[in-house]
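Only one structure is covered here, and it is reproduced in the block below.
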Amino acid sequence: MTNDPIVEFCPVARALNLVGDRWSLLIVRDAFDGICRFKDFQKSLGVARNILSDRLKKLVESEILETRAASDGTAYQEYVLTSKGTSLFTLIVAFRQWGETYLFSGNEPHSVLVEAQTQKPIPLMQVANEQGNILLPSEAYVKKVI
């Protein structure tokens with residue numbers, strides 16, 4: 001728990017405290033892409049070893065990643081997503097889709113997330129109510145803790 005009322009009562013602030021820095025989210029992204037070894041994270045991200053080591057440690061301590069013996073029998077360890085880490089998939093997809101929509105020009109090439117079975121792009125994520133109706137921001141609000 002924290003003494004900061006913004007962090008204490010706000011789920012967004014708590015999540016940002018944990019995974020809100022650039023490197024942590026990119027590590028999670030790479031883990032979804034199958035990267036699991038320190039050297040491969042470092043090669044993919046181009047991040048300094050000390051920063052990568054720190055972020056991996058924090059992600060393991062917060063149970064987003066876990067370590068296990070290397071699958072190839074070598075002395076190395078691998079970092080794999082836990083169920084808590086896997087549940088960040090929707091967040092990564094939302095960031096990806098927002099970036100695709102607003103940060104690339106119409107003819108600029110970029111990676112695309114596709115469904116494995118059909119090879120078709122994943123439809124745009126949207127917030128829906130219990131009946132499946134799409135909600136606009138004006139149709140929802142946060143009930144604040146007093």
Side-chain angles (χ1 to χ4, degrees), residues 1-69 71 77-146:
M1 206 55 102
T2 177
N3 291 337
D4 182 347
I6 293 172
V7 174
E8 185 174 357
F9 298 119
C10 180
V12 174
R14 283 191 184 192
L16 286 172
N17 271 349
L18 186 58
V19 294
D21 72 277
R22 168 189 173 108
W23 299 119
S24 294
L25 278 179
L26 291 176
I27 290 167
V28 170
R29 176 209 62 189
D30 279 1
F32 277 115
D33 289 343
I35 293 177
C36 57
R37 291 215 177 154
F38 186 95
K39 68 178 177 70
D40 295 328
F41 283 115
Q42 188 176 28
K43 182 179 177 183
S44 172
L45 300 171
V47 61
R49 293 178 58 83
N50 63 321
I51 293 172
L52 178 57
S53 180
D54 176 69
R55 295 317 187 280
L56 286 169
K57 180 181 176 201
K58 288 179 180 175
L59 290 168
V60 169
E61 287 173 352
S62 62
E63 300 176 342
I64 290 172
L65 293 174
E66 63 186 7
T67 58
R68 67 175 180 204
S71 56
Q77 67 179 9
E78 295 178 342
Y79 296 90
V80 294
L81 291 163
T82 62
S83 60
K84 185 176 179 180
T86 302
S87 69
L88 288 168
F89 183 65
T90 53
L91 177 68
I92 298 296
V93 171
F95 265 115
R96 169 181 287 284
Q97 290 181 340
W98 185 85
E100 289 171 347
T101 301
Y102 295 108
L103 304 178
F104 289 86
S105 62
N107 59 353
E108 188 177 2
H110 59 79
S111 61
V112 177
L113 182 64
V114 298
E115 183 181 355
Q117 185 176 359
T118 65
Q119 297 296 299
K120 292 184 179 182
I122 303 292
L124 185 63
M125 290 178 41
Q126 297 180 319
V127 177
N129 65 14
E130 288 181 352
Q131 292 76 34
N133 300 319
I134 305 303
L135 293 176
L136 300 173
S138 62
E139 296 172 315
Y141 72 96
V142 175
K143 288 177 82 170
K144 303 276 185 182
V145 174
I146 301 174

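Just so we're clear, the structure is a prediction, and the values are computed from it rather than from any experiment.
For A48, the side-chain contact (heavy atoms from CB on, under 4.5 Å) partners two or more places apart in sequence, or in a different chain, are N50, I51. Not counting sequence neighbours, the partners of E100 by the side-chain contact (heavy atoms from CB on, under 4.5 Å) test are R96, Q97, H110.
Within a 6.0 Å radius of CD in E63, no more than 12 heavy atoms belonging to other residues, nucleotides or ligands are found. A 6.0 Å sphere centred on CZ of F89 holds no more than 12 heavy atoms belonging to other residues, nucleotides or ligands. The local environment of CD in Q131 is crowded, with over 12 non-hydrogen atoms from other residues, nucleotides or ligands closer than 6.0 Å.
Between the S53 side chain and the R49 main chain, no donor and acceptor come within less than 3.5 Å of each other. When atom types are taken as modelled, the side chain of T82 and the backbone of E66 share no donor-acceptor pair closer than 3.5 angstrom.
L56 CG to L65 CG: the interatomic distance, rounded to the nearest 0.5 Å, is 6.5 Å. A distance of 11.0 Å separates CG of D30 from CG of L25, quoted to the nearest 0.5 Å. Atom CZ in F38 sits 4.0 Å away from atom CG in L52 (nearest 0.5 Å). Put simply, CZ on F95 and CG on L26 are 10.0 Å apart, with the number rounded to the nearest 0.5 Å. In this structure, the separation between CG on L124 and CD1 on I122 is 11.5 Å, given to the nearest 0.5 Å. We find the CD-OG1 distance between Q77 and T67 to be 4.5 Å, quoted to the nearest 0.5 Å.
Residues K84 and S87 approach most closely at O-OG, 2.6 Å, considering heavy atoms.
Residues L113 and I92 fail the side-chain proximity criterion, which asks for heavy atoms closer than 4.5 Å. Inter-residue side-chain proximity for W98 and L103 is flagged as met; some heavy-atom pair is nearer than 4.5 Å. Using a 4.5 Å heavy-atom threshold, the side chains of I64 and L18 count as touching. Two residues are said to be in side-chain contact when any heavy atoms from C-beta on lie closer than 4.5 Å; E78 and D40 fail this criterion.
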